[in-house]
Amino acid sequence: MNLIVDLSYHFLDRGSGSRRVAGAMTSGLSYKDITGNLPALLASVILVVLVLTALMGPFLMSYDPLAVDLDHSRQPPKPGASARHGQYRRDILSRIVAGARISLGVAIAASLFSLGIGTFFGIIAGYFGGRTDLALSQAFDIFLAFPSLILAIGISAIMPPGLFSAMLAITLVSWAGFARLVRGMTLSLKEQTYIEASRAIGATTGRILFRHILPNALPLLLVAGSLRVGGFILLEAALSFLGLASSLPRPPGAP
C-alpha cells in the first residue's frame, strides 16, 4: 500500500511541484487528472480494490477464517476447493481478507492518532519557539533516537497483548516524526506576510494557528500520513508475529 500511494503521489506531482499536490488535496482531483495518467489510474484502482476488499471482508469470505478441517489435513489443495493450508487446515484466502481488515484498521487509526498528536506538539513548538521549542524538540529527539520496531516491541511488552496495545505502540513511536515535520512547516509559515498582517490587526494566537497556519500545512500532512500507512501495516504484522498484537487463532496482518 505504501508503494501504491507513493506512485500516485509521484506521478500526480511530476512536472508541477508541491503546489499541485496541495491544491489536489484541498480541492480534490478531477476525473481527467486521474484517467489521463495511466500509472495514477492503475495505482488508484489497486488501492480502491484493496480497501473495498478489507471493508467488505465478511461478505467476500466463503469460509470461516478460524475454522479447522483436520479430516483433510493430509490432502493437497484442489481446483475449486478451499485453499486450506497449514497444520490446522484453515482457509488462507479468508484469513488474508480478515487479516487485511485488522491491519488496515490498526494502521489507519495509528496514522490518524500519531498525526494528530504530532501536529499539536509540532505547531506549538514551531510557533512559540524559545524554551518551549527547546523542550519539545528534545522530547522529539528522544523518541526518534530509538529504532521504531524496538521501541514498539518494548511498549507492547508492558501492556496486555491486543490490537489496542499495538495501535498505541505504533502511535507512540511515530508521532515525533510528524511533530518534527509540523514544527519545520510552522517555522516557515509563521514568517509569512499574511501571518504578520494577522498579528497587526489583532488576531489571537488560536486564530492564527488554526485558521492560517494549520490549513496551509494540512495538505502535505495528509500526504505524509498516507505514506506512513504501509509502514504501520508492516509494524503491526511484526508485532502480531511476536504475539504482541493479534493473538492466535485470530488472523494477524499476515496469515
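By the side chain to side chain contact (heavy atoms under 4.5 Å, CB included) test, T186 pairs with I123, Y127, V182, I213, sequence neighbours left out. Scanning for side chain to side chain contact (heavy atoms under 4.5 Å, CB included) contacts around L234 gives an empty result, with sequence neighbours left out.
At distances below 3.5 Å, not a single donor-acceptor pair connects side-chain atoms of S103 with backbone N or O atoms of A100. Judged by distance alone, with hydrogens and angles left aside, the side-chain atoms of S174 form no donor-acceptor pair with the main-chain N or O of S114 at under 3.5 Å.
Transitive grouping of hydrophobic side chains (ILVMFWY, heavy atoms separated by less than 4.5 Å) keeps L134 and F120 in distinct clusters. No chain of hydrophobic side-chain contacts below 4.5 Å, direct or via other Ile, Leu, Val, Met, Phe, Trp or Tyr residues, connects L181 to L187. In the hydrophobic clustering of ILVMFWY residues, with side-chain heavy atoms under 4.5 Å counting as a link, F146 and L144 come out apart.
Between atom CG of residue L112 and atom CG of residue L222 there is a gap of 9.0 Å, rounded to the nearest 0.5 Å. To the nearest 0.5 angstrom, S240 atom OG is 7.0 Å from L163 atom CG. The structure places CG of L172 at 7.0 Å from CD1 of I117, a figure rounded to the nearest 0.5 Å. One distance of note links CD1 of I155 with CG of L239; it measures 10.0 Å at 0.5 Å rounding. Between L104 atom CG and F232 atom CZ the span is 13.0 Å, to the nearest 0.5 Å. I142 contributes atom CD1, which lies 11.5 Å from atom CG of L151 (distance to the nearest 0.5 angstrom).
The shortest distance between side-chain heavy atoms of I102 and E236 falls below 4.5 Å. Side-chain contact check for F113 versus L168: every heavy-atom pair is 4.5 Å or farther apart. Between Y194 and N216, some side-chain heavy-atom pair lies under the 4.5 Å cut-off. Looking at heavy atoms from C-beta onward, M185 lies in side-chain contact with L221 at the 4.5 angstrom threshold. Residues R183 and S137 meet the side-chain proximity criterion, which asks for heavy atoms closer than 4.5 Å.
In this structure, F121 has its ring center under 6.0 Å from that of W175.
Across all non-hydrogen atoms, the minimal contact from E191 to E196 is O-OE2, 3.8 Å. Nearest heavy atoms, I195 versus K190: CG2-O, 3.6 Å. Nearest heavy atom pair, residue L244 against residue A157, reads CD2-CA, 4.3 Å. Closest non-hydrogen pair, I170 versus V173, comes out as O-CG2, 3.3 Å. In terms of heavy-atom proximity, S111 sits nearest to G225 at OG-O, 3.1 Å. Residue F140 comes nearest to A125 through the heavy atom pair CE1-CB, 4.3 Å, listed as atom of the first residue, atom of the second, then distance.
Atom CZ of R211 has 12 or fewer heavy atoms from other residues, nucleotides or ligands within 6.0 Å.
The hydrophobic cluster containing L52 also includes V48, under a criterion of side-chain heavy atoms closer than 4.5 Å among ILVMFWY residues, counted directly or through chains of members.
Judged by a 6.0 Å distance limit and a 45° cone about the ring axis, R228 is positioned over the six-membered ring of F178.
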